[in-house]
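Everything below concerns the one structure shown next.
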Amino acid sequence: MGEGRWRTAGRALLRVIVVWAVSTLTMLALAGLLPDFQLQSDDGDSITRTAVTAAWGAGAFGLLTALVWPVVVRALLLVSALVLGLLVFFLNGSLLLIALWLIPDGRGAADPETAVVVAAVMSAVASATSTALAVRDDNAYRRRLSRLADRRRRRRGEDGSRAGPPGTVFLQLDGVGHEVLRGAAEDGLMPTVAGWIGTTHRLSPWRTDWSSQTGASQLGILHGSNHDVPAFRWYEKDSGRVMVCNRPASAAELQRRAIERTGDGGLLTVDGASRGNLFSGGADELALVLSMTARRGRPNRSRAGYFAYFSDPANAVRTALSFVAEVAREVGQSTRARLRGDRPRVGRGGLYPFIRAFATVVERDVVVAAVMGDMLAGRTAVYADLVAYDEVAHHSGPHSRDASLVLERLDRSIALIAKVAEHAPRSYRIVLLSDHGQSPGETFEGAYGLTLKDLVRAGCGLPVSRRAERSKSGAEARDAAGDALRSALHRRLADGEDERPEPGSDPIVLASGNLALISFPDTAERLSREQIERRHPALLSTLANHPGIGFLLVGSEEHGSLVLCPGGAEVPVTELSDDGPLAAFGPGAAEAVRRTDSFPHVADIMVNSMYDPGRGNVHAFEEQIGSHGGLGGEQSQPFLLSPLDLSAPLSPGAPGEPGAELVGAERVHRVLRRWLRECQGPQVPIGPLEAARQDGPGQGLP
């Protein structure tokens, strides 16, 4: 208790010092701009002496304002508003003249008219600074929200009692893996989370599908199906379009398909709110939901979240200052990383500092405020995504100091939400979860000097970029492709064949972290391994034997589908097991590949990068040194942190599940549904498909 009082006193003292410093600088600036405002003797003073004089004047003016002004205003309460408005300027200027008179040696002087102007400017600056410092204080911000909630309840005639079933808040910490969260709690980076683990909450890992990214995971979590989402980006031959999970049109289409497949609106269909997500989950209350941004004319469309937040000036000041600080922080961090020669490293210039600040400050503040508003309004279920860590970890690394600082700030946001829950009209159970983790490692291009697209084009005998041709890996790939191509052409010509790719058949290469998809757009169906080798004899061997690639998935006329690995290893998908060539990628890799192979829009060639189990490293096919999207390492190991008074995610000793491991986003969806029913929250309708899955063998769910 005493420590809290000292901390509060320290913050108050810091605010006083900062306001004093800003007022001093303001007075110096005004003395330079206004000829009738003087802070120096007639003979002139040094810069230091002038600064001391300004500090004296600013301090005296602030003290007089704090002590005298409340008394004067109280004495003038009987004066009419018009007269009081005119007296404000006169009295404020008079206080400044008194403050200047108190400066030693008579160095301060101003005409009465100038004193009124200076006093008005200094009062405005001091007030803005004090307000800004207060709104950046989470405790002050929480108290302010609580007062607003109390006023709202009084207007509604509510007595403030907490009755009825508890609500549930699902906070998604985007990209935070199970081991990262546990390590951050143990190292003291996340004291709120550390205080929950093992006391009020249960920490459980779960395993993603092959596509370990927000689009697939969140679609499965919120809508119960991520069927036919093979990656973050993929090409659909039947429609001729590229699907990207963070594009509004693609997100809307994926949500439509999931609802059509399940026959159900989603996790949040009854009294739910969706905040900062890719998908709505069936909620009526929406803010910053990507899949709904294309819907015009709705009061709850995605942008409404920004308008609602920034309509409050205090919110605007709070977030604007944090935004500027975050831009400066990123510039400083990237500069230090460059000077230290950190490796691996990716470019962090251009607009990235502003993109990072938007994700880590603006979106965080808007989403957190929306969640707290939902709690104070008593909504039954809220699902919100905080993307800050994921954005920073992509460019700085998932275990970097930069990312650790973001985790500290996320913990403060969690603590703030938990504190606001104490003032809500109903009790709340807060569930933390993540959609995936991140795996570190040098980019594919950084490690080998060419992009995967260059390697694919080389394997197809197509022109590659000059930079790729100059690289060692690029030259080797071209040589290997050429040798294989010449050998294959010799055999084909001997058989009297002369097959050539059709015009416009250049492959489409799309990267999703360390997973890549290669599609040939000139065919309507998925090409088989035999067809690919007839078209491009060197391609598959060039890819499968590259040191940066772990394995390929291709269709096969003879075997159905095949996994191709380095050294010529070939395993039919039906025969895959976790102790086979995919053993390094961890338990469940074989089943994850099998599931993706069944998707209608699986690519002609699915490429997963290499994975080093000793170091936990992968190679992203994008410019990311912390990546996710495929198999390998921590990216496939997110977490659930749930209150102990909710049932365990999986029942111990569930039939058919000796390890009791939670696998796949669709099964996480069923766990969250169960928890909502346990809270007697929204009675989410269970469709036939859902009921069959829930009652099926090996699910471990009630």
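- Put simply, the side chain of S434 gets close to the backbone of F639: a donor and an acceptor are under 3.5 Å apart.
- Under the 4.0 Å criterion applied to side-chain N and carboxylate O atoms, E326 and R409 are assigned as salt-bridge partners.
- Applying the side chain to side chain donor-acceptor pair (under 3.5 Å) criterion to R182, with sequence neighbours excluded, gives E179.
- Between A231 and S211, the closest heavy-atom pair is CA-OG, 3.3 Å.
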L173 and I414: CA distance, side-chain angles, deciding distance, side-chain contact (heavy atoms from CB on, under 4.5 Å) verdict: CA-CA 10 Å; L173 306 186; I414 295 167; 4.1 Å; yes
Steps toward side-chain contact (heavy atoms from CB on, under 4.5 Å) verdict (M372, I417): CA-CA 6 Å; M372 293 188 295; I417 289 172; 4.1 Å; yes
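- Across G616 and P440, no two heavy atoms sit closer than the pair O-CD, 3.4 Å.
- Judged by distance alone, the side chains of N617 and E442 never bring a donor and an acceptor atom under 3.5 Å apart.
- In this structure, P166 and R429 have side chains that are in contact, with non-hydrogen atoms separated by less than 4.5 Å.
- Put simply, the side chain of L407 does not reach to within 4.5 Å of the side chain of D411, judged on heavy atoms.
- Here the CG atom belonging to D374 is positioned 9.0 Å from the CG atom belonging to L376, to the nearest 0.5 angstrom.
- Here the closest heavy-atom approach between residue A258 and residue H223 is recorded as CB-CB, 3.9 Å.
- In summary, the side chains of D435 and S217 do not present any donor paired with an acceptor at a separation below 3.5 Å, with no hydrogens or angles considered.
- The two residues V193 and A185 come nearest to each other via the heavy atoms CG1-CB, 4.5 Å.
- In this structure, T200 and P643 have side chains that are not in contact, with every pair of non-hydrogen atoms separated by 4.5 Å or more.
- E622 places no side-chain N or O within donor-acceptor distance of the main-chain N or O of Q624, the cut-off being under 3.5 Å.
- More than 12 non-hydrogen atoms from other residues, nucleotides or ligands lie less than 6.0 angstrom from CG of L339.
- Looking at heavy atoms from C-beta onward, Q213 lies out of side-chain contact with Q635 at the 4.5 angstrom threshold.
- In this structure a side-chain-to-backbone donor-acceptor pair under 3.5 Å is missing from D174 to D390.
- A donor atom on one side chain and an acceptor atom on the other are not found under 3.5 Å apart for T360 and E391.
- Counting only distance, with no hydrogens or angles, the side chain of R233 and the backbone of A511 share a donor-acceptor pair below 3.5 Å.
- H395 places none of its side-chain heavy atoms less than 4.5 Å from the side chain of E623.
- Side chain of N226 to main chain of G220: no donor-acceptor pair is present (N/O by atom type, distance under 3.5 Å, no hydrogens or angles).
- Side-chain atoms of E330 never come within 3.5 Å of backbone atoms of F354 as a donor-acceptor pair (strictly under, hydrogens ignored).
- Formation of a donor-acceptor pair under 3.5 Å by the Q218 side chain with backbone atoms of L278 is found in this model.
- The backbone N or O of G632 sits less than 3.5 Å from a side-chain atom of S439, completing a donor-acceptor pair.
- For D342, the side chain to side chain donor-acceptor pair (under 3.5 Å) partners at least two apart in sequence or on another chain are R340.
- Separating the CZ atom in R338 from the CZ atom in R348 is a distance of 9.0 Å, to the nearest 0.5 Å.
- Of the residues listed (N277, D385, V387), the one engaging T214 in a side chain to side chain contact (heavy atoms under 4.5 Å, CB included) is D385, and it is the only one.
- Between R336 and R401, every side-chain heavy-atom pair lies at or beyond the 4.5 Å cut-off.
- For the side chain to side chain donor-acceptor pair (under 3.5 Å) test, residues two or more places apart in sequence or in another chain that qualify with W234 are E236.
- Note: H178 NE2 to L641 CG = 9.5 Å, rounded to the nearest 0.5 Å.
- Closest approach of S274 and A283 over heavy atoms only: N-CB, 3.7 Å.
- A distance of 5.0 Å separates CG in N514 from OG in S627, rounded to the nearest 0.5 Å.
- Within the model, atoms CG of L405 and OH of Y389 stand 12.0 Å from one another, a figure rounded to the nearest 0.5 Å.
- For the pair T168 and L672, the minimum side-chain heavy-atom distance is 4.5 Å or more.
- The only option from Q255, R247, R256 that meets the side-chain hydrogen bond (donor to acceptor under 3.5 Å, both in side chains) definition with S291 turns out to be Q255.
- Shown here for F444 and F621, the closest heavy-atom pair between the two residues is CD1-CE2, 3.5 Å.
- Annotation: side chain of S413 is in contact with side chain of R364 (closest heavy-atom distance under 4.5 Å).
- Side-chain N/O atoms of T380 and R426 include a donor and acceptor closer than 3.5 Å.
- With rounding to the nearest 0.5 angstrom, the CD1 atom of I221 is 10.0 Å from the CZ atom of F170.
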